[in-house]
Amino acid sequence: MSTAGSILCSNILGRGKAMKIRLAERLGGVQESATLKMAVATRALAAKGIKVTSFTVGEPIGPPPAVVCEAAHAAIREGFHRYTPVPGIPALRERIAQRFREDNDLAYQADQIAVTVGAKQALFNFFLATISPGDEVIIPAPYWTSYPEMVKIAGGRPVIVETTAEEGFKLSPNSLKRVLTSRTRVFLINSPSNPTGATYSRSEIEALAKVLESTDILVCSDEIYEKLTFEGEFVSFGAVSKDAFERTVTINGFSKSHALTGWRLGYAAGPKPIIEAMLLLQGQSTSGANSVGQKAALAGLDAPRSEMETVVQTLRERRDQLVKILSQDHKLSFLKPPATFYLFLNVEKYLGRKTPSGKAVANSDDMALYLLEEGHVGTVPGSGFGAEGYLRLSFAVSPEDLETGAKALLSALKKLQ
Ligand SMILES: Cc1ncc(COP(=O)(O)O)c(C=O)c1O
């Protein structure tokens with residue numbers, strides 16, 4: 001991407017006269033999503049007829065719960081096609097508030113809920129509603145690729161704080177304390193985490209929440225992988241104290257919990273003034289989530305728990321299968337993810353080597369490209385998650401693909417000299 005505000009290209013008009021196209025300055029430094037870039041490269045190989053095993057996907061396994069599709073059909077049959085209220089249909093806001101009370105011990109009222117076009121729009125609305133130029137947002141790394149870019153678009157300054165595998169990729173209270181300044185406006189937490197699966201325990205959240213007490217710092221808690229927890233208790237940031245509840249905006253959605261990534265359905269909950277500001281923006285942008293999807297989402301919240309448990313059990317089995325194969329190579333290291341469908345693989349011991357054709361593999365981008373070309377395996381380089389030396393592998397794939405892909409990855413690594 002060129003520096004925004006500069007001339008990108010000349011567009012020849014009908015009269016043969018060149019026109020200069022300028023893009024907005026706010027795009028300066030904004031990066032393309034690393035996940036999407038690798039998915040495009042993977043598809044390009046597939047288009048040439050080469051079978052690629054892709055560990056790049058950010059989507060759960062299987063179809064959405066049957067009741068979701070039935071409710072969508074019913075909504076269409078009943079002619080539910082018109083604009084809906086900007087914050088979402090009242091029944092869905094009520095049901096989401098109830099879900100927060102039952103599942104997360106968060107006492108939101110329906111008027112504290114905003115239904116959005118995916119969790120992505122919830123996050124976007126949040127940053128645009130709360131960040132002014134120069135405001136700092138603390139983002140623990142490894143992080144989901146979009147957070148720093150969203151903060152930059154909102155005019156803020158992402159403050160990236162590294163965490164290590166030894167810390168379980170979790171931010172300690174001391175590390176949080178160290179980066180607080182008078183410009184800190186938001187602390188962002190993503191538990192369970194994309195890309196590491198790291199999940200904060202109650203006591204870890206309590207310790208972080210304590211650091212923020214007596215400050216005016218807001219918390220943005222992205223809990224979109226909550227339902228894909230294999231082990232341990234999931235705890236919402238806002239649930240650990242009254243103080244934490246009052247400063248937290250909780251982000252969630254239907255993409256991962258209900259396998260509805262393409263339907264673009266998310267939600268945010270939090271202090272009323274913030275939710276109202278987010279809805280003000282939403283009213284002037286998308287006008288809210290689609291009508292049919294909202295009816296379907298409402299049914300999804302009442303889907304039999306057994307369907308969800310089956311998905312979690314399947315993902316747990318895939319994780320264990322991947323862990324078993326990768327453990328055969330002692331140069332690799334990783335934390336067994338207790339949630340999500342991602343494994344964050346440390347490949348540092350293979351960096352600095354050469355491919356059979358003599359090309360240097362210096363970093364995670366080179367490595368992902370090498371594995372794609374040599375092993376026909378798609379992975380996402382750690383660089384996009386703020387963690388060089390790693391690859392993210394999504395294990396939401398069939399057991400056959402997982403076996404083939406993981407073995408091809410190991411044998412491609414062995415060819416590096
Ligand atoms: C951590 C995290 N937050 C938010 C999102 C966005 O989800 P949605 O599809 O609801 O926009 C994703 C999607 O991959 C994610 O990984």
Side-chain angles (χ1 to χ4, degrees), residues 32-39 54-61 64 68 88 92 96 113-128 137 139-151 153 158 163 169-171 186-200 219-229 234 236-237 249-269 278 282 285-286 288-290 293-294 296-297 300-301 315 337-344 380 382 384-387 392-396:
E32 191 187 347
S33 154
T35 325
L36 297 180
K37 238 189 314 197
M38 269 315 280
S54 179
F55 290 122
T56 62
V57 284
E59 312 194 72
I61 295 171
V68 168
L92 182 57
I96 290 171
I113 309 291
V115 180
T116 55
V117 183
K120 229 173 193 171
Q121 198 202 1
L123 288 157
F124 219 86
N125 286 346
F126 170 77
F127 289 123
L128 286 179
V137 176
I139 304 175
Y143 49 72
W144 178 51
T145 53
S146 294
Y147 298 137
E149 309 313 309
M150 286 185 184
V151 170
I153 293 170
T163 65
F169 292 122
K170 291 188 254 186
L171 190 73
V186 173
F187 167 52
L188 185 134
I189 181 166
N190 173 215
S191 171
S193 148
N194 174 5
T196 64
T199 305
Y200 289 72
V219 175
C220 179
S221 181
D222 181 349
E223 304 180 357
I224 194 150
Y225 291 97
E226 167 202 354
K227 295 293 177 204
L228 304 182
T229 297
F234 168 78
S236 280
F237 194 96
V249 171
T250 309
I251 307 287
N252 214 316
F254 296 90
S255 287
K256 317 292 172 175
S257 60
H258 291 74
L260 287 171
T261 45
W263 292 47
R264 314 308 303 125
L265 289 163
Y267 48 93
M278 290 167 63
Q282 182 155 301
S285 56
T286 60
N290 77 86
Q294 290 185 66
L301 288 171
L315 287 174
T340 74
F341 40 77
Y342 305 116
L343 183 144
F344 209 47
V380 189
F385 304 101
R392 191 194 72 178
L393 273 56
S394 162
F395 49 84

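Counting convention: from 1, in listed order, for ligands and their atoms alike. In this chain, numbering begins with 1 at the start of the sequence shown. Note that these values count all heavy atoms, side chains included, but never hydrogens, waters or copies made by symmetry. The structure presented is a predicted model; accordingly, all values stated were derived computationally and were not measured.
Side chain of Ser191 to backbone of Ser193: no donor-acceptor contact under 3.5 angstrom is found. In terms of modelled atom types and a separation under 3.5 Å, the side chain of Arg392 and the main chain of Leu343 share no donor-acceptor contact.
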Atom pairs and distances, donor-acceptor, side-chain atoms in residues 219-226, under 3.5 Å, two or more places apart:
{"from": "Ser221", "atom 1": "OG", "to": "Glu223", "atom 2": "OE2", "distance (Å)": "2.7"}
{"from": "Asp222", "atom 1": "OD1", "to": "Ile224", "atom 2": "N", "distance (Å)": "3.2"}
{"from": "Asp222", "atom 1": "OD2", "to": "Tyr147", "atom 2": "OH", "distance (Å)": "2.6"}
{"from": "Glu223", "atom 1": "OE1", "to": "Ser236", "atom 2": "OG", "distance (Å)": "2.7"}
{"from": "Glu223", "atom 1": "OE2", "to": "Phe237", "atom 2": "N", "distance (Å)": "3.3"}
{"from": "Tyr225", "atom 1": "OH", "to": "Lys256", "atom 2": "NZ", "distance (Å)": "3.2"}
{"from": "Tyr225", "atom 1": "OH", "to": "Tyr342", "atom 2": "OH", "distance (Å)": "2.8"}
{"from": "Glu226", "atom 1": "OE1", "to": "Arg99", "atom 2": "NH2", "distance (Å)": "3.1"}
{"from": "Glu226", "atom 1": "OE1", "to": "Asn252", "atom 2": "ND2", "distance (Å)": "3.0"}
{"from": "Glu226", "atom 1": "OE2", "to": "Asn104", "atom 2": "ND2", "distance (Å)": "2.9"}

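Among Ile251, Thr250, Ile96, the single residue meeting the side-chain contact (heavy atoms from CB on, under 4.5 Å) criterion with Tyr267 is Ile96.
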Note every protein N or O atom lying under 3.5 Å from an N or O atom of ligand 1, pairing the names and giving the distance.
{"from": "ligand 1", "atom 1": "3 (N)", "to": "Asp222", "atom 2": "OD2", "distance (Å)": "2.6"}
{"from": "ligand 1", "atom 1": "9 (O)", "to": "Ser255", "atom 2": "OG", "distance (Å)": "2.7"}
{"from": "ligand 1", "atom 1": "9 (O)", "to": "Arg264", "atom 2": "NH1", "distance (Å)": "2.9"}
{"from": "ligand 1", "atom 1": "10 (O)", "to": "Ala119", "atom 2": "N", "distance (Å)": "2.7"}
{"from": "ligand 1", "atom 1": "10 (O)", "to": "Ser255", "atom 2": "OG", "distance (Å)": "3.1"}
{"from": "ligand 1", "atom 1": "11 (O)", "to": "Ala119", "atom 2": "N", "distance (Å)": "3.2"}
{"from": "ligand 1", "atom 1": "11 (O)", "to": "Lys120", "atom 2": "N", "distance (Å)": "3.0"}
{"from": "ligand 1", "atom 1": "11 (O)", "to": "Arg264", "atom 2": "NH2", "distance (Å)": "2.7"}
{"from": "ligand 1", "atom 1": "14 (O)", "to": "Lys256", "atom 2": "NZ", "distance (Å)": "2.8"}
{"from": "ligand 1", "atom 1": "16 (O)", "to": "Asn194", "atom 2": "ND2", "distance (Å)": "2.8"}
{"from": "ligand 1", "atom 1": "16 (O)", "to": "Tyr225", "atom 2": "OH", "distance (Å)": "2.8"}

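Evaluation of the salt bridge (Lys or Arg N to Asp or Glu O under 4.0 Å) test over residues 140-150, restricted to residues two or more places apart or in two chains, returns Glu149-Lys152.
The salt bridge (charged side-chain N to carboxylate O under 4.0 Å, His left out) test applied to Glu59 returns no partner, not counting sequence neighbours.
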